[in-house]
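In what follows, chains carry the letters A, B, and so on, assigned in the order in which the sequence lines appear, proteins first and then strands, with residues in each chain numbered from 1.
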Number of protein chains: 6
Amino acid sequence: MATLGFVEYDDAGPEVRAVYDDIMLTRNTDWINNFWKALAHDPATLKRTWQSVKGGLAPGGLDAVTKEMLYLAVSASNQCAYCIASHTAAARKAGMSDAMLSELMAVVGMANESNRLASGYQVEIDEAFKPR
Amino acid sequence: MATLGFVEYDDAGPEVRAVYDDIMLTRNTDWINNFWKALAHDPATLKRTWQSVKGGLAPGGLDAVTKEMLYLAVSASNQCAYCIASHTAAARKAGMSDAMLSELMAVVGMANESNRLASGYQVEIDEAFKPR
Amino acid sequence: MATLGFVEYDDAGPEVRAVYDDIMLTRNTDWINNFWKALAHDPATLKRTWQSVKGGLAPGGLDAVTKEMLYLAVSASNQCAYCIASHTAAARKAGMSDAMLSELMAVVGMANESNRLASGYQVEIDEAFKPR
Amino acid sequence: MATLGFVEYDDAGPEVRAVYDDIMLTRNTDWINNFWKALAHDPATLKRTWQSVKGGLAPGGLDAVTKEMLYLAVSASNQCAYCIASHTAAARKAGMSDAMLSELMAVVGMANESNRLASGYQVEIDEAFKPR
Amino acid sequence: MATLGFVEYDDAGPEVRAVYDDIMLTRNTDWINNFWKALAHDPATLKRTWQSVKGGLAPGGLDAVTKEMLYLAVSASNQCAYCIASHTAAARKAGMSDAMLSELMAVVGMANESNRLASGYQVEIDEAFKPR
Amino acid sequence: MATLGFVEYDDAGPEVRAVYDDIMLTRNTDWINNFWKALAHDPATLKRTWQSVKGGLAPGGLDAVTKEMLYLAVSASNQCAYCIASHTAAARKAGMSDAMLSELMAVVGMANESNRLASGYQVEIDEAFKPR
């Protein structure tokens, strides 16, 4: 179920198949999850989004599990049901344990609480915290 | 500047001073930032919030810099100016480099983009991603 | 399913029926969708909301399909499942093609990404962009 | 400062002046705050918004101070700086004490925390809580 | 259904049972709703969250029904399905009538509208509204 | 002012300069706004973000002014001060009049209101609105 339906591999044109192939190769899997199949009606956005995700999640200064946990933290904060489900799976695959998940969620909860207290009380930024 | 003004250490009662002392001890600093001084008109919330933050940010299954980066990621996603400023400082103190900050922000941006694509296209959760 | 249940036409009082009649007349349909039936327990809010929506979506400086696309863009950004479903239908009825939908979603995704990058990096507003 | 600038009373046409007069009468004040002056370039939205706010905040099953506190709670949760400032003032005028403000903010913080924990852990709604 | 599953009373250790007992005693019920059972895999967060909720919702300067309505207003504004369902039930138990619910939702809707108008038009905060 | 400061053209390396040149060429301007200068400490994200924005805003099934208005609508809904300021300017340059701006903001306000009413009343999606 998705607004425009799903583009399955067998029905996809070469541009979409190339993205699907790269997703499966990069992730070492043999299937494509619904997110990409729902985007594939618009091959340009599919390709741009995948390249952005692939580049952004590649290990660099931060390792793969940290990046996936940041992704999950933002998705939990935004309450995106699809993204919470898919990135919980992805973060676990990258090494997140149940204990790490629990600590992550505790930080997400706290940050959401203190964000509103800071804004709600109209707290001025300390000089020491201001960017250059 | 804050709705109820700031409670400075010298004007604080013993309950508030005890929290202030614990904040400075835990963080190894000699000053209290505006957030806590704005909350201190309500000592019960001050104490509860500090205990929650202290407990939640203590290293456990996740180390201190990862927790601070998760906090910053959520604050950036929520666009809380005060919290972005203060937790950028805190994450740096805990070891986040400029390169790590840039990668963090890239993930925050991507997650916010894909969250809306997943929801906007009404993408159904894959069976493989559903929790038990 | 809705908190207070639905008020069906046959069970509605004259104040609610008048709104229902105007909805069907304005939209050239013969049924009332769940949103209005869930609001109808509070006839004052029903009437106020409908008048606001009717006035706000009437073609003016912007045509009907543009207004419906703006509505859908906000709903996708807010991740409101009901509103995404209903305004996808309404925008299509007003003339939005699949290609237009895909471009709309791409903009929604990008805007959500760059909003967080701008806020997360604490970017100061350029003088040239400040309002008078 | 506002995108389209402010429409002052002396420069306003009769339609805008009628709204301004009703605002001052209803609120028992002799000035118009920036929000309305920024909207007044679009008299239709000005009038619709004011009628909606006037109707929605009039005491009914809930008294004025409770309604203003609900307004402030939502504005704090949404982190709208203008609305937090203006509705803090309005709620105080309607009778909110400093202690009530502190308790309100504590609830706003908690709700934002638990909202993310419920969504982040993908918690299913209990049968007992489902609407009819 | 929840990411880590539910911890039922009979399977819980003494630390979790103590929290469950206090929840049932405080609320005068004989069951535990899914939210707490989903958190209980992390007893520290379970205990901290419950103490925070218990303390924050206890009647003080604001009575119980007002606190529950503030909670519901924030949850509706954040569109957290679980929290809307559970706090609609809690607010009703505390005395919220259908008419009060409707007025609450009308305020939530209005506040969300005017928050975006204020921010969207870049409205400057009036001097009279600025905190000390 | 920005977390990592701004990278000015004269201080930029060839990779960043190439992006800056393309921004100025595409937009037919002779300056770079702060957003890009704040991102430029991370050339990979700078390049990826610019290519995404350039591709996503190019006229296609939707014309340039419609795309800029969708961008502004999302930014207003998200209350991103920087993005509201910069995309108000961009939308005007693309042809948005004051009247179009006012109608846009009215839709943004309404959509935010009805999004919360739909979610707050737990309204079930009509069969007729469900995607395939």
For the candidates B/T45, B/V74, B/D42, which exhibits the highest count of non-hydrogen atom pairs separated by less than 4.5 Å from chain D?
->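 Of B/T45, B/V74, B/D42, B/D42 has the most heavy-atom pairs under 4.5 Å with chain D.
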Between the CZ atom in D/R116 and the CG atom in B/N78, the distance rounded to the nearest 0.5 Å is 6.0 Å
Kindly compute the distance separating CE (D/M110) from OG (B/S52), expressed to the nearest 0.5 Å.
->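 Going from the CE atom of D/M110 to the OG atom of B/S52 covers 11.5 Å.
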Would you mind checking which part of D/L101 comes under 4.5 Å of any heavy atom in chain B, side chain (CB onward), backbone (N, CA, C, O), both or neither?
->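 Only the side chain of D/L101 comes within 4.5 Å of chain B.
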Between D/S102 and B/L39, does a side-chain contact (heavy atoms from CB on, under 4.5 Å) hold up when you go through it step by step?
-> CA-CA 8 Å; D/S102 294; B/L39 277 189; over 6 Å; no
State, to 0.1 Å, how close D/R92 and B/L4 come at their nearest heavy-atom pair, and which atoms those are.
->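 Distance-wise, the nearest heavy atoms are NH2-CD2, 3.2 Å.
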